[in-house]
Amino acid sequence: NHEDMRKIIGIGETILDIIFRNNQPSHAVPGGSTFNTLISLGRLGVPATFISEIGKDTVGDIIIDFMKKNGVCTENLDIFCEGKTPISLAFLDENNEAQYMFYNQFPEERLNFVWPRIEKDDIIIFGSYFALNPTLRKKVCELVEFAKERKAIIAGNWKLNKRVADIPAFAQELQANLPAERCCDVVICAPYPLIGALESAGKCCALGVGAQDVSEHQHGAYTGEVSAEQLSDLGAQYCIVGHSERRSYHGETDLQVNAKTKILLENDIIPIICVGESLAQREHDLTETYVAYQVAAAFSGLTAEQAVRCVIAYEPLWAIGTGNTATSAQAQEVCASIRATLAKLYDADTAKAISILYGGSMNAGNAAELLAQPDIDGGLIGGASLKPVDFSKIIAATAQGACE
Ligand code: 13P
């Protein structure tokens, strides 16, 4: 319900990436959840004694109890907490300035955040979304649904690249290069054997992790397949479906894309559904018709509620891995036509809520212009996602484009 004016106040890095996508970054505190919780409580006027007291304990229930006791939390204030966040030490000094020790790896500008006033009915969410149990995750998603229009997502597709041993350095370098103000979800879709390692290493920079394919079957005699349930066990939150490389090298059909989309949604994994025309189709002026067909096929049988949990990636085949990026006008035209298709299949509000990414030779140089297009909400990036510095530049470019 977009009319709902409740503020949602997230404390902690990961949760913010989920919630404050492109419309309310001013309510976001980037940085480690515990540290920010403490600093933020200080800014809310919570007395120094309280903050130094919890410096020896865990955040969770203590903060909730405290807020309840101090009238910050009202009956209508929904608070979730991961409960076991290790604490750092922060306190207010005699000038009422927040001071901190330990956990202070964040650059100074991240600390100069002014909190909005908490009103009755606001929602406060502590800690990392990914650390919440699945039931709470669902609840959080329901609660924040009204706050988001659609999310900006920068997703890397590593394809058949990298090894487990490469991951710590990648995560470190990514973290070091990420812009302080990030206004998109950042995801890497990795080969299956890398997902577990990436999930743990990526925690440092709130990295979403995904797979590149999934079996359309739940389980059974399907040698070589990997199920959505198994991906979920590994911590995958996203999965690419219908990538053109799977369609052309492995004969993946639109019916399979549809079946895979459904099984991913059943397992709370966000499908990134790839569509896109070949050069011959473009030359025969078939782009929009063909892409509309692919979208209709992928979404066949999905309710609007399921549809808004999907992401679409428009990847023209002739632009993938070729260095021939679609012009921003070409990409915008097709992405707008995809949104029009979604509006026909569902309704305008549903179409507006679905993120559409562009993919195909996107890089640090062309990202800002592509992301500035009104119907392009992010990118699916192959080659440039393998290098943390290049990938970070694309992430930084969302600040100029997709989240305006
Ligand atoms: P490139 O960015 O290497 O062109 O790959 C695009 C792609 O296929 C992402 O899925």
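Both ligands and their constituent atoms are indexed starting at 1 by order of listing.
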Q.
So that I can tick it off, tell me whether R339 and D377 are bridged by a salt bridge, with the cut-off set at under 4.0 angstrom between side-chain N and carboxylate O.
A.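 Result for this pair is yes, salt bridge flagged.
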Q) Of all the non-hydrogen atoms in the protein, which one sits nearest to atom 2 (O) of ligand 1, and at what distance? A)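 Result: G382 N, 2.9 Å.
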Q: Give the residue and atom name of whichever protein heavy atom lies nearest to atom 7 (C) of ligand 1, and the separation in Å to one decimal.
A: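 That would be E315 OE2, 3.1 Å.
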Q. Just wondering, do C184 and V186 contact through their side chains at under 4.5 Å, heavy atoms?
A.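 Yes, their side chains come closer than 4.5 Å.
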Q) Do the non-hydrogen side-chain atoms of L231 and I195 ever get within less than 4.5 Å of each other? A)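 They are in contact (side-chain heavy atoms under 4.5 Å apart), so the answer is yes.
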Please confirm whether [X] comes within less than 3.5 Å of ligand 1 when only nitrogen or oxygen atoms on both sides are compared.
| X | answer |
| --- | --- |
| E245 | no |
| G321 | yes |
| I320 | no |
| I381 | no |

Q) Does ligand 1 have any atom sitting under 4.0 Å from a heavy atom of S361? A)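 Per 4.0 Å heavy-atom rule, S361 contacts ligand 1.
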Give the atom numbers and elements of ligand 1 that come within less than 4.0 Å of a heavy atom of [X].
| X | answer |
| --- | --- |
| K159 | 5 (O), 6 (C), 7 (C), 8 (O) |
| G360 | 4 (O), 6 (C) |
| G383 | 1 (P), 2 (O), 3 (O) |

With distance as the sole criterion, is a donor-acceptor pair present between the side chains of [X] and [Y] under 3.5 Å?
| X | Y | result |
| --- | --- | --- |
| Q230 | H219 | no |
| Y358 | Q330 | no |
| N267 | S232 | no |
| T261 | N258 | no |

**Q.** Check: F391 ring centre within less than 6.0 Å of W158 ring centre
**A.**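 No; W158 has its ring centre 6.0 Å or more from that of F391.
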Q. Can you tell which part of N157 has a heavy atom less than 4.0 Å from ligand 1: side chain, backbone, both or neither?
A.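 Side chain only.
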